[in-house]
There are 2 protein chains.
Amino acid sequence: MVKKATIADVARLAGVSTATAGRVLGSYGYTKAETRDKVMQAARKLGYRTNALARSLITGRTRTIGVVAGDIQNPFYASILRGIADVVERHEFGLLIVNSDESLEKEIRAVNVLMEKQVDGLIVSPCDTRNARHLRDLQAFGLPLVLLDRAVAGLEVDRVTIDNIAAAGRAVAALLAAGHKRIGLVGELLEEPEGGLAGFIRRGLAGEVLSTDTLYPSWQRLLGYLQAHRQAGLPVDETLIRRVGAYSAEKAQRVAEALIHNADRPTAVFATDGTMSEGVIAAISSARLSVPDQLSLVCFDDLEWMSFLPPGISTMAQPRLAMGEIAATMLLERIEGSQVPARAQVLSAEFVERGSITRRPT
Amino acid sequence: MVKKATIADVARLAGVSTATAGRVLGSYGYTKAETRDKVMQAARKLGYRTNALARSLITGRTRTIGVVAGDIQNPFYASILRGIADVVERHEFGLLIVNSDESLEKEIRAVNVLMEKQVDGLIVSPCDTRNARHLRDLQAFGLPLVLLDRAVAGLEVDRVTIDNIAAAGRAVAALLAAGHKRIGLVGELLEEPEGGLAGFIRRGLAGEVLSTDTLYPSWQRLLGYLQAHRQAGLPVDETLIRRVGAYSAEKAQRVAEALIHNADRPTAVFATDGTMSEGVIAAISSARLSVPDQLSLVCFDDLEWMSFLPPGISTMAQPRLAMGEIAATMLLERIEGSQVPARAQVLSAEFVERGSITRRPT
DNA sequence: CTGAAAGCGCTTACAG
DNA sequence: CTGAAAGCGCTTACAG
């Protein structure tokens with residue numbers, strides 16, 4: 001175990017002051033080339049390495065950002081994180097990652113820990129779009145924050161989200177255009193809005209859902225489903241809309257099974273995210289239904305298997321990497337001092353048409 | 001933008017010394033209940049938050065560990081990272097994550113950055129099992145290190161790996177037992193050993209491959225493939241062994257296509273990891289081959305789709321979460337001061353039999 | 001271009 | 001149980 005060399009050690013060996021050694025080793029201020037050489041040589045001899053902690057304590061910046069994601073194991077977050085990491089690494093920043101498991105309590109704790117570690121900024125996919133005092137405090141505190149995938153009511157900070165309503169609308173419209181009239185929906189649909197699911201459906205069809213901006217993504221996608229029906233002039237059968245209530249493929253599978261084992265099952269299903277899609281496809285597989293002959297399917301988010309699972313699953317692909325890259329870029333800009341008003345980057349999902357929709361005889 | 005309150009501010013408001021305030025706020029040393037109350041109240045009023053940087057500078061510990069993984073977006077690493085995060089969060093440690101993309105240069109840079117940030121320990125999946133001076137230095141430096149998935153020649157530190165040779169042997173033996181005699185292998189096989197692929201196959205069959213411990217996982221799995229053939233008394237057709245040379249599903253797909261488009265294609269294929277499996281299944285899908293009727297398949301690593309892709313893909317499941325949990329636990333033990341000799345945790349993969357192997361007429 | 005001194009926000013002996 | 005003082009390893013005015 002070697003004792004770590006400090007700037008003082010290097011300075012002593014090089015025969016200069018710690019201030020000068022610091023200037024050379026930290027590449028700031030002015031130094032004579034000759035001095036630089038002396039110091040660098042001493043540093044090399046001692047195996048000197050910067051202690052970023054001490055530097056950060058003075059400069060007030062750690063060159064580290066924190067990310068609070070739902071679950072790094074989920075491909076959705078994994079890709080976003082990769083996008084974030086790419087940008088962050090390019091700027092020589094560190095990346096501190098914590099899982100929230102969509103629990104408000106964990107999220108609060110995560111934000112606290114990250115603040116204590118003095119991150120220069122935070123990217124959070126908030127698990128509660130209303131109760132977010134810890135995030136509002138951040139803003140008051142002056143710590144840059146970027147919201148990911150979800151917005152928070154009344155919190156005006158940078159964010160990057162997907163145009164969920166429009167995207168889901170297009171996905172469902174594709175089904176409608178193929179003649180489907182009974183389209184099932186399997187959605188996570190956490191965070192029940194006032195009036196419950198039934199109330200939401202009623203208001204959604206009546207065009208009475210306000211502040212759609214701060215709705216949870218799966219609720220926004222349900223809204224897209226409803227709007228697509230309304231635009232097609234088709235009624236919505238509430239019993240076809242199934243709520244899983246958790247980010248769990250297993251639970252989604254059970255919900256999907258109940259939906260498709262039904263005698264008068266829908267002719268098509270819309271799964272509102274990658275996890276739901278896994279559950280739905282598992283249900284389809286265990287029921288030995290053939291897609292699209294016996295059941296058409298449209299998913300949301302493009303997972304690897306969707307391309308090679310015959311007949312190819314049509315889906316709304318979210319630009320996950322870009323979401324992460326943009327969030328990180330925005331955050332870095334704030335850290336560099338940008339004062340522009342809060343930006344809302346709404347990215348479009350792209351419909352990837354493969355083979356999981358069949359035309360229904362009308 | 002609120003000015004951050006420091007211990008000095010709290011001490012002043014509470015009318016005590018900074019030492020006392022520090023004792024209360026940092027929960028160390030002795031303090032009177034009454035004093036505690038005064039200090040806590042002052043802290044609350046000022047919105048005091050600990051500056052972990054300052055504390056770490058003194059204590060010499062950051063309660064943060066660093067992980068260098070190949071690619072956090074890859075399900076293999078994503079799950080391992082989740083396992084690590086679970087343990088680490090439970091112990092109230094932070095987690096700094098960097099991607100190496102299996103590039104030695106990036107790995108070295110990552111380790112450097114993490115050291116400068118003064119992590120208490122590192123978990124690395126080394127991308128080079130020989131050139132690893134940066135890792136040997138770590139050891140000399142006294143910084144706890146746990147190796148993940150791969151060992152490094154001559155580096156005696158804790159590590160957690162999979163029994164790749166045995167596991168691959170069992171996977172291939174299952175194919176052999178079903179009467180297959182022409183089994184293709186699609187492997188990543190980076191880091192060519194001396195004598196190249198052909199030389200390795202020859203030595204592997206002759207039982208002359210030494211230091212199998214520090215072989216790259218895909219080479220170990222190839223060795224398992226060879227040993228299974230030897231034990232079955234069957235010759236190996238070298239042309240059936242295909243090297244991708246990169247962790248890329250796209251490249252694996254092209255390699256697999258070349259293998260199975262062949263007129264006298266193998267009757268079964270063994271894919272040596274999750275990424276290779278994706279490439280192989282994509283090739284099978286685009287060639288419209290039916291599994292297992294036209295081609296049997298065994299994979300390595302159990303990805304979500306393998307369970308619901310008909311007919312269900314048989315595979316060697318690696319305990320990814322456990323790998324991460326164990327690695328983190330080992331590291332935390334070292335950080336707590338454990339001095340036991342370096343431990344090599346070799347975990348078993350479990351054969352998950354589904355429907356992708358069919359019996360060949362003998 | 002360089003050095004002496006102060007200080008970032010904590011914790012740690014040491015004395016009382 | 002508490003306080004005064006020193007110090008962790010750097011950077012930052014300030015003087016020269």
Side-chain angles (χ1 to χ4, degrees), chain A residues 2-40 42-43 46-64 113 115-120 141-143, chain B residues 2-40 42-43 46-64 113 115-120 141-143:
Chain A
V2 188
K3 181 82 174 55
K4 290 183 194 172
T6 69
I7 276 199
D9 299 326
V10 175
R12 203 173 307 122
L13 183 61
V16 299
S17 70
T18 59
T20 297
R23 283 190 264 258
V24 174
L25 298 169
S27 320
Y28 52 86
Y30 297 93
T31 43
K32 215 164 42 179
E34 199 187 325
T35 316
R36 272 201 292 281
D37 291 345
K38 269 197 305 191
V39 173
M40 290 311 285
L46 295 176
Y48 172 79
R49 315 182 84 113
T50 304
N51 182 332
L53 249 39
R55 172 179 295 168
S56 294
L57 191 55
I58 293 180
T59 61
R61 339 189 91 217
T62 51
R63 292 191 82 79
T64 299
V113 169
M115 286 188 73
E116 291 192 352
K117 292 192 187 298
Q118 311 296 122
V119 293
D120 291 339
F141 209 71
L143 190 65
Chain B
V2 189
K3 181 82 175 54
K4 291 183 196 173
T6 69
I7 277 198
D9 300 325
V10 175
R12 204 174 306 121
L13 182 60
V16 298
S17 71
T18 59
T20 297
R23 283 189 265 259
V24 175
L25 266 9
S27 320
Y28 52 84
Y30 298 93
T31 43
K32 215 163 41 179
E34 196 188 327
T35 316
R36 272 201 292 280
D37 291 345
K38 269 196 306 192
V39 173
M40 290 311 285
L46 295 175
Y48 172 80
R49 316 182 84 113
T50 305
N51 182 332
L53 249 41
R55 173 179 295 168
S56 294
L57 191 55
I58 293 179
T59 61
R61 339 189 91 217
T62 51
R63 292 190 83 79
T64 299
V113 169
M115 286 188 73
E116 291 192 352
K117 292 194 188 294
Q118 310 297 119
V119 293
D120 290 339
F141 210 72
L143 190 64

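Because only heavy atoms are used, hydrogens play no part in the values below, and waters and symmetry mates are left out as well, while side chains stay in. In the text below, chain A, chain B and the rest are named by the order of the sequence lines, each starting its count at 1.
The side-chain contact (heavy atoms from CB on, under 4.5 Å) check on T64(A) picks up T62(A), L96(A), V119(A), L96(B), K117(B), with sequence neighbours excluded. Considering only residues two or more places apart in sequence or on other chains, D9(A) meets the salt bridge (charged side-chain N to carboxylate O under 4.0 Å, His left out) condition with R12(A). Looking at residues two or more places apart in sequence or on another chain, you find no side chain to side chain donor-acceptor pair (under 3.5 Å) involving T59(A).
Under 4.0 angstrom from either OP1 or OP2 of dG3(D) there lies at least one side-chain N or O belonging to T20(B).
Atom CD of E34(A) and atom C1' of dC1(C) are 12 Å apart (whole Å).
Partner of V39(B) under the side-chain contact (heavy atoms from CB on, under 4.5 Å) criterion, chosen from L25(B), I7(B), L13(B): L25(B).
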Expected string for nucleotides 8-16 of chain D under the B/S/- scheme (protein heavy atoms, under 4.0 Å, primed atoms plus P, OP1, OP2 as sugar-phosphate) is BBBBBB---
List the atom pairs, with distances to 0.1 Å, where a side-chain N or O of residues 27-34 of chain B and a protein N or O form a donor-acceptor pair under 3.5 Å, not counting sequence neighbours.
| from | atom 1 | to | atom 2 | distance (Å) |
| --- | --- | --- | --- | --- |
| Y28(B) | OH | G22(B) | O | 3.4 |
| T31(B) | OG1 | R36(B) | NH1 | 3.1 |

Listing, residues 47-54 of chain A side-chain donor-acceptor contacts under 3.5 Å, not counting sequence neighbours, or none:
| from | atom 1 | to | atom 2 | distance (Å) |
| --- | --- | --- | --- | --- |
| R49(A) | NH2 | N112(B) | OD1 | 2.2 |
| N51(A) | OD1 | L53(A) | N | 2.9 |
| N51(A) | OD1 | A54(A) | N | 3.4 |

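Base pairing in DNA chain D yields stems of at least 3 consecutive Watson-Crick or G-U pairs, both distances under 3.5 Å, namely C:1-3 with D:14-16, C:5-12 with D:5-12, C:14-16 with D:1-3.
Here CG of L57(B) is found 13.0 Å from CZ of R55(A). Values are rounded to the nearest 0.5 Å.
In terms of modelled atom types and a separation under 3.5 Å, the side chain of D120(A) and the main chain of R61(A) share no donor-acceptor contact.
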